[in-house]
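Structure first, then comments.
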Amino acid sequence: MKLYNNLINEIKNSLNDAKVLIKSNKTLNTSAKNSVIFLSDTAFELGGSQKPCVSSLAVTSDINFSNSVYLLGDDIDKIKSDSPFGKFVFIQIENFDDEQNTFNKIKELEALRYHLSVDGFMTRASALNMREQIRVSKKAVKSGVTFADYGQTLLNEYLKFDYVKSAEIYFVTDFDNFDRLNSVAKKISQTTSALNHIFDNVMFDCSTCNLKEICDEVDGLKELHLKTAKK
Ligand code: SF4
């Protein structure tokens with residue numbers, strides 16, 4: 001799986017100044033059901049109050065990640081009100097011969113965002129506009145929780161999948177290049193939409209397809225559709 005490689009590299013280059021967080025030994029409790037944090041119990045919402053907000057997940061089989069959590073901007077203890085928020089998850093998976101199988105794994109990894117709840121954090125995610133707003137509870141802030149703790153907890157969950165080889169998570173709470181990152185995240189999302197379309201056995205007809213722009217840009221998408229359409 002190389003389709004996302006250029007987009008992953010573009011985001012990583014844009015986040016060059018992000019600092020790697022010291023690996024956290026504190027694993028936060030998780031559950032399969034999103035916990036509810038009421039406004040009265042919320043310290044602040046990452047991406048709340050219509051602040052810039054973007055979230056993206058991209059998969060590859062041939063970039064080896066550092067299994068680290070990175071942060072650009074303030075950590076949780078410094079944030080006093082709703083703030084901008086970016087979250088980028090990059091995952092290296094095994095190289096499967098079967099593209100359909102690879103796509104199923106991508107869907108499985110994407111679904112974790114909706115099915116995993118971390119204590120003290122309530123996620124409100126929308127795949128449609130790539131926003132992922134996260135309420136952080138007053139209790140979590142008081143306990144001194146950090147992005148290292150939160151990110152490490154998420155990282156551990158991704159690494160539990162037996163086909164995941166490595167991963168990296170970037171958090172951003174201070175953007176100076178939001179438009180650029182948002183535009184690359186949009187391309188990642190469009191690439192996944194194109195894969196959805198391709199594996200839905202939709203006819204190979206680029207002249208009538210609304211995904212033509214992304215398929216013209218991302219190497220390999222057209223070839224993949226042609227190959228699957230022939231099967
Ligand atoms: S290859 Fe053509 S038909 Fe297939 S998803 Fe891309 S634009 Fe659409």
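The structure displayed is predicted, hence computed values, not measured ones. Along the sequence shown, residues are numbered consecutively beginning with 1. Whatever order the structure lists them in is the order used to number ligands and atoms, beginning at 1.
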With no hydrogens and no angle check, do the side chains of [X] and [Y] hold a donor and an acceptor under 3.5 Å apart?
| X | Y | result |
| --- | --- | --- |
| Asp149 | Thr146 | yes |
| Asn67 | Ser166 | no |
| Ser24 | Gln152 | no |

Legend entry - Nearest heavy atoms of Leu15 and Leu72, plus distance in Å: CD2-CD2, 3.8 Å

Legend entry - Identity and distance of the protein heavy atom lying nearest atom 8 (Fe) of ligand 1: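 I find the closest protein heavy atom is Cys209 SG, 2.3 Å.
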
Inset, instruction - Please write down residue, atom name and distance for the protein heavy atom closest to atom 5 (S) of ligand 1. - result: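 The protein heavy atom lying closest is His197 CD2, 3.5 Å.
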
Inset, instruction - Establish whether Val20 and Phe88 are linked, either directly or via other cluster members, by ILVMFWY side-chain heavy-atom contacts under 4.5 Å. - result: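 Cluster IDs for Val20 and Phe88 match.
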
Could you tell me which atoms of ligand 1, counted from 1 in the order shown, lie closer than 4.0 angstrom to a heavy atom of [X]?
| X | answer |
| --- | --- |
| His225 | 1 (S), 3 (S), 4 (Fe), 5 (S) |
| Lys212 | 7 (S) |
| Cys215 | 1 (S), 5 (S), 6 (Fe), 7 (S) |
| Phe204 | 1 (S) |
| Lys222 | 1 (S) |

Inset, instruction - Using the side-chain hydrogen bond (donor to acceptor under 3.5 Å, both in side chains) rule, take Gln100 and Asn104 through it: C-alpha gap first, then chi angles, then the decisive distance, then the call. - result: CA-CA 6 Å; Gln100 174 75 62; Asn104 294 343; 3.2 Å; yes

Inset, instruction - Could you tell me whether atom 2 (Fe) of ligand 1 has an N, O or S atom of Cys206 under 2.8 Å away? - result: yes

Inset, instruction - Would you mind telling me if ligand 1 is within reach of the side chain of Asp205, the backbone, both or neither, using heavy atoms under 4.0 Å? - result: backbone

Inset, instruction - Answer yes or no on whether Lys105 is positioned over the face of Tyr163, meaning its NZ or CZ is under 6.0 Å from the six-membered ring centre and within 45° of the axis. - result: yes

